[in-house]
Engineer: 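Just dropping this structure here.
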Protein chains: 2
Amino acid sequence: MSALPRYQQLKQQIIGQISRGELKPRDRVPSENDLVGSAGVSRMTANRALRELNDEGYVERVAGVGTFVADLQSASHVLEVRNIADEIALRGHRHSATVITQQNERAADEMAKSLRIDRGAPVFHLLLVHRENDVPIQLEDRFVVASFAPDCLKQDFCRQTPSAWLSAIAPLQEAEHKVRAAMPSKETQKHLQLGDHEPCLVVIRRTWSDGRPVSFARLYHPGSRFELTGHYTPPGIRKSTPDQAP
Amino acid sequence: MSALPRYQQLKQQIIGQISRGELKPRDRVPSENDLVGSAGVSRMTANRALRELNDEGYVERVAGVGTFVADLQSASHVLEVRNIADEIALRGHRHSATVITQQNERAADEMAKSLRIDRGAPVFHLLLVHRENDVPIQLEDRFVVASFAPDCLKQDFCRQTPSAWLSAIAPLQEAEHKVRAAMPSKETQKHLQLGDHEPCLVVIRRTWSDGRPVSFARLYHPGSRFELTGHYTPPGIRKSTPDQAP
DNA sequence: TGCTTTAGCCTGTATATACAACCTGTCTTG
DNA sequence: CAAGACAGGTTGTATATACAGGCTAAAGCA
């Protein structure tokens, strides 16, 4: 169990104060020299922590003035993090899931890097098939940081999806997505009951809580019976009527 | 006229070498100590330049081994409606386009419905291939409401993309997206220089201005060398670090 | 009072130095 | 020949120091 670097600890400490409400938007954040005194680090280390928090949008720095908690005003984003069970329910259909794998593993190189943990650190590996009216609609291949969710192996993910459970045990703060098209592996093809040469839409999602990645998931969808939808409105514009798209 | 900071100059120098092809993916990038000698900076300055290039996805660093040019797997932001030329420029690459079709047509049933115009009403049909460093990266199949953009046929879309031109002549107010995976048609396969059984990532986009649809586009991307990225932050929380995922 | 100067704090950058951890290839040894 | 020890290069982090530049408020002056 290697300790996080000092500048990362500093970042988390400040992120924690922001997310707990101890520091509110526009509040002044301790200056680099304050942190030299209070945290016992050198100014360059404090500088790196604050600079990265600035790059990441947590705080705003003004040369000659100070560092302040950023105004939280996130743009309306597309591709919201939704629970697939909710999506299906919204369509008036029935969701069901089958758990294929639910076990402890050790993080391989790439996974460790993605989740920002040590190589070989324990992670929980989940593999499940989601169905809409008994038709396979998503193969969920998920890794969860073990220390974040110790009870992961005790959960019955047929009843509550991993996504729903994770956002229940800790507030989800952030999600990154990547979307790509790819041909499925033999196994994925089987689980999703795909025909030959039928592509998959793969959503790769990394979710964060308290400034740390907690889960990494690959979500495979059959290209022939699935699509993502999104909506974008530039800042400062009032919406009109989006109805059915082509 | 203030000069750029030294670490920024270093970054640009390396980005330039990458985008000019002097450094190719997986090539070794000069180490921090090399830069100390060749660029005459301190190691910490070289470190900052390389570290930021790593955070931005240009290079990949492996402790104990070295720094290497990242495999370029193009990424594009789903959320924001962006001009592909800008996306490519942001990556330090060169954008080029070829216009295949640019003509007046009459709206077919489905298209008329999508664009909320009468069946048979005039629309402009554009078909163009976008390239990133001469590699086809997007086939744009677009229909524009004729009454909205009468000068559409006079434009040279090799110089300015349809997306850029449209948002210049009228403020874009809304965009709907759909994303799906599909196998390309023979013609799409040819234009994108795709191999057999190689899937496409298709973004279908309808843009609105003044409460009316003005344009409908299908954007085909090669599944093997393209991905969409997105970022989601629930209300009340501010962003953290998006870096490269596996 | 009203304007100017100045002192002081803050961030931004740059350097020199140091040590830890990691990886690879080589050399030694059994 | 194979396994292990080792050296050298590389990144990752941390510190101390220095100077430039921006901003603010207090001090000084008219």
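Numbered from 1 within each chain, the chains take letters A, B, ... in sequence-line order.
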Engineer: Report yes or no: is the cationic atom of A/Arg48 (NZ for Lys, CZ for Arg) under 6.0 Å from the centre of the six-membered ring of A/Tyr7, at an angle within 45° of the ring normal?
Structural biologist: yes
Engineer: Closer to the 5' end of DNA chain C via nearest nucleotide, is it A/Leu50 or B/Ala63?
Structural biologist: A/Leu50
Engineer: Of all nucleotides in DNA chain C with an atom under 4.0 Å from a non-hydrogen atom of chain B, which is the first and which the last going 5' to 3'?
Structural biologist: C/dT13 to C/dC23
Engineer: Any Lys/Arg nitrogen of B/Lys11 or B/Glu52 sitting under 4.0 Å from an Asp/Glu carboxylate oxygen of the other?
Structural biologist: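 Salt bridge flag = yes for B/Glu52 with B/Lys11.
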Engineer: Check each residue of residues 40-47 of chain A for a non-hydrogen atom within less than 4.0 Å of any atom in DNA chain D, then write out the ones that pass by number, or none.
Structural biologist: A/Gly40, A/Val41, A/Ser42, A/Arg43, A/Met44, A/Thr45
Engineer: Working to the nearest 0.5 angstrom, can you tell me the gap between A/Gln189 CD and A/Cys200 SG?
Structural biologist: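 That separation rounds to 8.5 Å.
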Engineer: Are the side chain of B/Asp34 and the backbone N or O of B/Ser31 linked by a donor-acceptor pair below 3.5 Å?
Structural biologist: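 Checking the backbone N and O of B/Ser31 against the side chain of B/Asp34, a donor-acceptor pair under 3.5 Å is found.
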Engineer: With DNA chain C as reference, determine whether B/Pro5 or A/Pro30 sits nearer its 5' end, using the nearest nucleotide of each.
Structural biologist: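 Comparing both residues, the 5'-ward one is A/Pro30.
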Engineer: Distance check, rounded to the nearest 0.5 Å: A/Gln155 atom CD versus A/Trp165 atom CH2?
Structural biologist: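 So the CD of A/Gln155 and the CH2 of A/Trp165 are separated by 5.0 Å.
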Engineer: Respond yes when some side-chain nitrogen or oxygen of A/Arg6 is under 4.0 Å from OP1 or OP2 of D/dT13, and no when none is.
Structural biologist: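 So the side chain of A/Arg6 is outside the cut-off, no N or O lying under 4.0 Å from OP1 or OP2 of D/dT13.
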Engineer: From B/Gln193 CD over to B/Ile137 CD1, what is the distance, rounded to the nearest 0.5 angstrom?
Structural biologist: 11.0 Å
Engineer: I need the A/Phe143 CZ to A/His125 NE2 distance, nearest 0.5 Å.
Structural biologist: 3.5 Å
Engineer: Give a yes or no on whether a salt bridge exists between A/Arg61 and A/Glu32, defined as a side-chain N under 4.0 angstrom from a carboxylate O.
Structural biologist: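 Result for this pair is yes, salt bridge flagged.
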